[in-house]
Amino acid sequence: DGFWCFISDKSADPLTRMDLLFDFVSGAKPGTDGSYRWFQQRFDDDDGGGAFLELWNRVKSIFDMLVHWYEDTNIYNYVGYLVANGKSPSDIHAAIENAKKDADDWDEEQTYCVLRGMISGILKRVADIETVTYEDPDSVRKILLLFNVDLYRTSGLRFDFAAYRQENWDIEHVDSQTTNTMQNIDDKIKWLECVSQSLSAESSKDAKELLSESRALIEALTCDRRDPGGGFLAFYGKVSEYYSRGTGFDEDVSDKDSLGNLVLLDSGTNRGYGNAPFLYKRNCIIERDRNGLFVPLGTKNVFLKYYSGGAASAMDAVRWHTNDMMCYKEELHKRLNIYLNGGAK
């Protein structure tokens with residue numbers, strides 16, 4: 001599956017995966033019987049002359065090339081990203097072969113350059129990361145996927161295109177944009193437990209009062225299995241206000257829709273925790289990763305505040321600050337500028 005999904009991003013697999021090779025050689029439209037008819041015609045016309053054997057050798061040669069792409073970590077990640085954005089292996093091969101015609105010699109770095117150039121073409125609508133917002137989901141998705149893929153590439157790892165293909169993916173706000181929508185009692189209790197854990201590490205009067213209220217709510221919800229007085233919603237508002245102090249978002253709420261506050265997350269996890277505060281989301285991400293489920297490396301790094309230079313206090317570790325957002329955006333610039341500037345080093 002790992003090999004297949006880096007060269008095919010179709011919603012449904014063909015009857016046989018080998019059709020991809022036959023379509024590649026024949027140039028037939030995928031999902032039709034065009035390849036069969038193309039090969040059958042050449043078989044009928046061959047009359048024992050060996051041309052059909054040459055075709056079969058061509059099929060094997062294309063397969064060997066795809067295996068080479070898979071085994072080269074750079075090519076694997078570049079090609080996987082291109083395929084995930086609508087390019088076919090034959091499109092990619094044609095671009096490389098066309099570039100070779102104008103070259104005196106050729107090496108792998110030149111192949112990488114062609115692939116980066118094709119990626120730049122996919123991002124041609126993006127003039128500047130600073131201008132991209134949640135209101136342009138197509139550009140955001142392309143940027144965030146490339147950010148994650150390139151993280152794996154530069155770490156010598158393969159992005160898991162098979163796991164990526166099996167999920168639906170949302171563009172998620174790191175710091176929640178809207179108010180809480182949690183309805184399930186167990187979700188509310190889990191959220192309160194996360195908050196209590198964080199608050200217990202703080203010594204301020206406000207933190208101690210919130211911790212006491214949180215523990216009382218956990219006990220009440222656990223015993224009654226319902227929240228008739230709406231105590232959770234009121235407490236949620238208090239905690240959200242407490243953890244958002246000093247983030248800077250009050251002065252510029254529009255920043256919440258900028259790339260510095262957006263990550264790629266599977267829809268199951270995203271919609272499962274609703275519009276919870278950063279702390280609760282962070283714990284959900286860690287739990288998912290601990291259970292061996294696929295969390296893109298870039299998304300995980302953001303929630304672990306990998307790009308923020310370390311937390312100054314327990315409070316900093318559980319809030320998403322304007323500074324965190326700016327540091328994350330700087331990392332996006334540093335990693336993706338080469339693609340936004342044509343792909344050449």
Side-chain angles (χ1 to χ4, degrees), residues 5-6 9-11 77-88 91-92 95 112-154 159-161 163-165 167-178 249 252-267 269-271 275 281 285 294-303 306-307 320 322 324-345:
C5 289
F6 107 94
D9 193 48
K10 307 302 179 187
S11 58
N77 285 294
Y78 288 144
V79 168
Y81 178 81
L82 289 167
V83 169
N85 284 280
K87 299 296 183 182
S88 70
D91 294 333
I92 297 166
Y112 304 155
C113 188
V114 171
L115 297 175
R116 288 195 297 267
M118 293 184 72
I119 292 171
S120 294
I122 289 173
L123 299 177
K124 62 185 178 182
R125 290 181 56 236
V126 181
D128 184 359
I129 286 176
E130 297 292 336
T131 65
V132 179
T133 71
Y134 187 75
E135 301 302 317
D136 183 5
D138 182 63
S139 294
V140 172
R141 191 177 303 276
K142 288 174 180 176
I143 288 171
L144 293 181
L145 177 59
L146 180 58
F147 175 68
N148 280 279
V149 169
D150 202 63
L151 273 171
Y152 283 84
R153 184 189 68 82
T154 54
F159 183 85
D160 193 340
F161 289 103
Y164 179 76
R165 178 173 157 178
E167 298 278 3
N168 293 316
W169 295 86
D170 288 341
I171 299 165
E172 164 65 350
H173 288 85
V174 181
D175 187 73
S176 294
Q177 187 184 38
T178 56
F249 285 137
D252 189 6
V253 177
S254 64
D255 275 348
K256 285 198 174 186
D257 279 344
S258 79
L259 268 176
N261 192 45
L262 302 174
V263 292
L264 199 63
L265 191 63
D266 68 282
S267 58
T269 301
N270 181 26
R271 297 167 195 181
N275 294 300
K281 295 179 181 182
I285 295 294
F294 179 59
V295 178
L297 186 58
T299 298
K300 182 166 61 174
N301 285 349
V302 166
F303 279 98
Y306 186 85
Y307 306 115
W320 186 247
T322 296
D324 300 318
M325 183 184 71
M326 298 307 297
C327 289
Y328 172 35
K329 198 180 292 186
E330 286 176 14
E331 183 67 21
L332 286 167
H333 273 291
K334 183 169 65 176
R335 187 164 293 277
L336 301 184
N337 274 348
I338 183 174
Y339 303 101
L340 297 174
N341 293 322
K345 284 190 173 180

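We count residues from 1, following the sequence as given. As a basis for the values below, the full set of heavy atoms in this structure was taken, side chains included, without hydrogen atoms, waters or symmetry mates.
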**Student:** Just checking, is any N or O donor in the side chain of Asn148 or Tyr164 under 3.5 Å from an acceptor N or O on the other one?
**Tutor:**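 Checked: Asn148/Tyr164 side chains show no N/O donor-acceptor pair below 3.5 Å.
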**Student:** Below 4.5 Å, heavy atoms only, C-beta onward: do Val302 and Ile285 meet side chain to side chain?
**Tutor:**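 No, every pair of side-chain atoms sits at 4.5 Å or beyond.
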**Student:** To the nearest 0.5 angstrom, please state how far the CG atom of Asn341 sits from the CG atom of Leu336.
**Tutor:**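 That separation rounds to 10.5 Å.
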**Student:** Side chain to side chain contact (heavy atoms under 4.5 Å, CB included) for Phe6 and Val83? Distances and angles first, verdict last.
**Tutor:** CA-CA 7 Å; Phe6 107 94; Val83 169; over 6 Å; no
**Student:** Output yes when a side-chain donor or acceptor of Lys281 lies under 3.5 Å from a complementary backbone atom of His173, and no otherwise.
**Tutor:**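 Yes, the answer is positive, given that a donor and an acceptor are paired below the 3.5 Å cut-off.
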**Student:** Please check if the number of heavy atoms outside Lys329 that lie under 6.0 Å from its NZ is greater than 12.
**Tutor:**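 Yes, enclosed.
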**Student:** Taking atom CE of Met118 and atom OH of Tyr78, what is their separation to the nearest 0.5 Å?
**Tutor:**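 Rounded to the nearest 0.5 Å, the CE-OH separation comes out at 13.5 Å.
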**Student:** Just by distance, do the side chain of Asn261 and the backbone of Asp257 share a donor-acceptor pair under 3.5 Å?
**Tutor:**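 Such a contact is absent between Asn261 side chain and Asp257 backbone.
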**Student:** Would Phe294 and Phe159 count as a close aromatic pair, with their ring centres under 6.0 Å?
**Tutor:**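 Yes; Phe159 has its ring centre under 6.0 Å from that of Phe294.
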**Student:** Look at the side chain of Tyr152 and the backbone N and O of Pro296, then say whether any donor-acceptor pair between them is shorter than 3.5 Å.
**Tutor:**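 Judged by distance alone, no pair lies under 3.5 Å.
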**Student:** Ala84 and Leu145: which non-hydrogen atoms are nearest, and at how many Å?
**Tutor:**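 What the structure gives for the nearest pair is CB-CD2, 4.1 Å.
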**Student:** Looking at CZ of Arg116 and CG of Leu123, how far apart are the two atoms once the value is rounded to the nearest 0.5 Å?
**Tutor:**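 Separation between the atoms: 13.5 Å.
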**Student:** Quick one, Tyr328 and Val263 - any side-chain contact, counting heavy atoms below 4.5 Å?
**Tutor:**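 SC-SC contact between Tyr328 and Val263 confirmed.
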**Student:** Do Arg125 and Asp138 have side chains that approach each other closer than 4.5 Å (heavy atoms only, starting at C-beta)?
**Tutor:**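 Touching, per the 4.5 Å side-chain cut-off.
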**Student:** Roughly how far apart are Asp324 CG and Phe303 CZ, rounded to 0.5 Å?
**Tutor:**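 Those atoms lie 11.5 Å apart.
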**Student:** At what distance, to the nearest 0.5 angstrom, does CZ of Arg153 lie from CG of Leu146?
**Tutor:**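 Output value for this atom pair is 9.0 Å.
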**Student:** Does Thr154 reach the main-chain N or O of Asp150 with its side chain, forming a donor-acceptor pair under 3.5 Å?
**Tutor:**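 At least one qualifying donor-acceptor pair exists.
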**Student:** Measure from the side-chain N and O atoms of Thr133 to the backbone N and O of Ser258, and report whether any donor-acceptor pair falls under 3.5 Å.
**Tutor:**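 No, the answer is negative, given that no donor and acceptor are paired below the 3.5 Å cut-off.
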**Student:** Which heavy atom in Val132 sits nearest to a heavy atom in Ser139, and how many Å separate them?
**Tutor:**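 Taking Val132 first and Ser139 second, the nearest heavy atoms are CG1-CB, 4.1 Å.
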**Student:** Report yes if the side chains of Leu259 and Leu144 come closer than 4.5 Å at any heavy-atom pair, otherwise no.
**Tutor:**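 Counting from C-beta outward, Leu259 and Leu144 do come under 4.5 Å.
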**Student:** Would you confirm whether Thr299, through its side chain, and Leu264, through its main-chain N or O, come within 3.5 Å as a donor-acceptor pair?
**Tutor:**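 Here the side-chain-to-backbone pair exists.
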**Student:** Would you please test Thr131 and Asp128 for side-chain hydrogen bond (donor to acceptor under 3.5 Å, both in side chains) and show each step?
**Tutor:** CA-CA 6 Å; Thr131 65; Asp128 184 359; 5.7 Å; no
**Student:** Measure across Asn77 and Phe161 and return the closest heavy-atom pair with its distance rounded to 0.1 Å.
**Tutor:**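 Heavy atoms only, the tightest pair is O-CZ, 4.0 Å.
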**Student:** I'd like to know if the side chain of Asn85 reaches the main chain of Tyr81, judged simply by a donor and an acceptor atom lying under 3.5 Å from each other, with no hydrogens or angles considered.
**Tutor:**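 Confirmed, Asn85 side chain pairs with Tyr81 backbone.
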**Student:** Going through the checks in order, is the side chain to side chain contact (heavy atoms under 4.5 Å, CB included) test met by Lys142 and Val126?
**Tutor:** CA-CA 10 Å; Lys142 288 174 180 176; Val126 181; over 6 Å; no
**Student:** Could you measure the distance from the CE atom of Met325 to the CD atom of Glu330? Nearest 0.5 Å is fine.
**Tutor:**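 Here the interatomic distance stands at 11.0 Å.
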